[in-house]
Amino acid sequence: MLQKPRGTRDFLPEEMEQRRSIEQRMREVARRWGYREVCTPDFEHLELFTMKSGEGIIQEMYVFEDKSGRKMTLRPEVTAAVLRMYVNEGRVIPKPIRWCYFADCFRYERPQKGRYRQFWQFGVELIGADTALADAEVIMLADDMLRSTGVTFDLHVGHLAPMKHILSGLDPGDQGLIMACLDKHDLEGLEAVLAARGLSHLAEPLAALSGCRSVDEVFEVTGDVPERTRIEETFGILDSQGVSYRPDFGIARGLDYYTGTVFEGFARNLGAENQILGGGAYRLAHLFGGEDVASCGFAIGFDRVMVSLGEVELPHESVVGVVCTPEARTRALQVARAFREAGIRAEVDLMQRGLSAQVAHAAKTAEFVVIVGKREVEAGTVTLKNLSTGEQKEMGLEDAIAGVAGHGHR
RNA sequence: GCCAGGGUGGGGUAGUUGGUUAUCCUAAGGGACUGUGGAUCCCUCGACCCGGGUUCGAAUCUCGGCCCUGGCCCCA
């Protein structure tokens, strides 16, 4: 049998309905905050992503040549494309620009729990507002959106300036190593790296920074930094609005293009792949030929949210099985149409089953059965049977529709 | 890329000192049953991940690959 490609999934209707339901909650939150949906191509010029993230990412993307020999790739993320779109056609739009997207992305990596080669991200980008409130809004939106799904998570918020201040003057390679240790809160590894480079005097401030649980403590470690006022204002807004988060000034990994505020979210009940949110303030537009513009955004790992949530309860939907005898088929199709026009899901037998088998089948898949046979055709009625109670009654079509509509939601 | 554990009908499983036609449950289709229920009974459909090796004989042993699961690395 032909297998699906590695790291991809098929979704049966039951799972799709759950996914759409959670997606809809996220969309609704984005809408309320004024973030309008955009869509970019599933594939882009390879250059778009190498410009943003370097040549090293090529091995982790689905790269191909099109028939004209252009280097293309399936998108591994959406932010670069949104900023390209902004540079291409968004520059004349009044600022700030609030955009969101829900899109599948592709990365050629080893699959594991919560990590797939095709996966979905729900993200937002706020473009053109360079204020503390802009950063805070995006964080509050991320928090609101994750809460709407019901996922249990921890929100970490930080800023890159304090760490960069301590590390200023070191060579970039060493900075990277040190930041990786801090990001993992690996203090032993940190000490080893520092000792090997004769930088042991940095161990104490870096460890202190990693342990900071409030903004005040950060500046006790670093002293004044130019970004201090902005940082204090951002965190102050979050505090004033009762956002539940943990200050984390060790956030550092994989964030080369972030410029200031950074934040991450972690699902509490997932294993190794538990990060469900990543975002921050960045500047990218200049890479794609635009004027430099401040932006802030995030992406939610939709599939991980779904793994974390497990089974999602869906609203009840009444289903009607329309059952008929052969001579009543024309009338039965009219009856089914009338139910559908009233917004009720109605299904007819396609298998030429006998009446008994039709009812038995409906009992597996529906709450109601509407029987249309010779008797009903002659009387101009239908028989409505409630399959959960077993009650049945012959009545007019309008009454039957009202009876079903009054039963469930939707 | 690294480590570990796994792959038997659509789903779940039994079966490995190598030995007939591979077990059971479930789902699906049909029938018993031509105007009324998921029961019952009967029938049908349907699997040893792929390839090489050892052997008279491989689901079982062996090698390679593919895929899945958990962890590491990475994570734009």
Side-chain angles (χ1 to χ4, degrees), chain A residues 1-10 12 14 44 46 48-61 73 75-83 105-117 119 121 123 176 180 183-184 251-258 262 264 270-280 282 284 287 297-299 301 304 307 321-328 332 349-378 382-394:
Chain A
M1 200 186 339
L2 202 55
Q3 292 177 317
K4 61 184 176 291
R6 184 169 198 211
T8 63
R9 291 155 296 159
D10 295 320
L12 290 167
E14 192 170 46
E44 293 271 1
L46 174 61
L48 177 67
F49 301 103
T50 54
M51 282 169 76
K52 174 177 172 236
S53 308
E55 301 287 322
I57 59 167
I58 290 177
Q59 57 185 327
E60 284 154 26
M61 293 195 289
T73 183
R75 61 179 169 211
E77 50 112 13
V78 185
T79 297
V82 169
L83 267 288
C105 302
F106 303 84
R107 295 185 189 177
Y108 196 91
E109 298 180 297
R110 191 197 170 290
Q112 55 186 294
K113 185 177 186 181
R115 170 186 281 189
Y116 307 97
R117 289 184 171 184
F119 59 99
Q121 288 191 334
D183 188 70
K184 285 185 271 194
I251 297 176
R253 81 179 144 165
L255 304 179
D256 352 326
Y257 65 90
Y258 285 112
V262 288
E264 298 180 333
L270 296 182
E273 301 293 332
N274 67 340
Q275 188 178 344
I276 56 172
L277 165 73
Y282 61 88
L284 281 177
L287 287 179
F298 66 77
R304 291 184 189 175
V307 173
V322 177
V323 162
C324 69
T325 53
E327 70 274 13
D349 172 62
L350 305 175
M351 311 283 280
Q352 297 191 294
R353 289 180 170 122
L355 191 71
S356 172
Q358 289 184 49
V359 175
H361 177 260
K364 294 177 198 167
T365 58
E367 284 75 46
F368 293 93
V369 100
V370 166
I371 299 165
V372 184
K374 191 177 168 200
R375 203 165 65 219
E376 286 85 356
V377 170
E378 287 170 358
V382 299
T383 295
L384 177 66
K385 182 183 182 80
N386 180 326
L387 288 162
S388 48
T389 64
E391 293 172 58
Q392 76 173 54
K393 199 165 125 191
E394 198 170 327

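To find a chain, count down the sequence lines: A is the first, B the second, and so on, and within it residues start at 1. Just so it is clear, the model here is predicted, and its values are computed rather than measured. For the numbers below, each heavy atom of this structure counts, side chains included, while hydrogens, waters and symmetry mates do not.
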Inset, instruction - Establish, yes or no, whether the cationic atom of A/Arg75 lies under 6.0 Å from the six-membered ring centre of A/Phe106 and within 45° of the ring axis. - result: no
Need one value for [X]: base, sugar-phosphate or nothing, where a base atom within 4.0 Å counts as base even if backbone is also close, heavy atoms only.
X        : value
A/Gly354 : nothing
A/Glu394 : nothing
A/Gln392 : base
A/Arg353 : sugar-phosphate
A/Gly7   : sugar-phosphate
A/Lys4   : nothing

Base paired to [N] (Watson-Crick or G-U; both N/O distances under 3.5 angstrom):
N     : result
B/C33 : none
B/A27 : none
B/U54 : none

Legend entry - side-chain hydrogen bond (donor to acceptor under 3.5 Å, both in side chains) against A/Gln275, all qualifying residues, sequence neighbours excluded: A/Arg253
Legend entry - Which residues share a side-chain hydrogen bond (donor to acceptor under 3.5 Å, both in side chains) with A/Glu394, sequence neighbours left out: A/Thr381
Inset, instruction - State whether A/Arg6 places a side-chain N or O below 4.0 Å from either non-bridging phosphate oxygen (OP1 or OP2) of B/C68. - result: yes
Legend entry - Distance below 4.0 Å between A/Lys184 side-chain N/O and B/C72 OP1 or OP2: no
Where the side chain of [X] is concerned, which of [options] is the nearest nucleotide?
X        : options             : value
A/Glu273 : B/A4, B/C73, B/G35  : B/C73
A/Arg110 : B/G35, B/G71, B/A76 : B/G71
A/Arg375 : B/G30, B/G35, B/G1  : B/G35

Sort me out a list of protein N/O and nucleotides 37-39 of chain B N/O pairs below 3.5 Å, or just none if empty.
from	atom 1	to	atom 2	distance (Å)
B/G37	N7	A/Lys385	NZ	3.3
B/G37	N1	A/Leu387	O	2.4
B/G37	N2	A/Leu387	O	2.6
B/G38	N1	A/Ala363	O	2.5
B/G38	N2	A/Ala363	O	3.2
B/G38	N2	A/Lys364	O	3.3

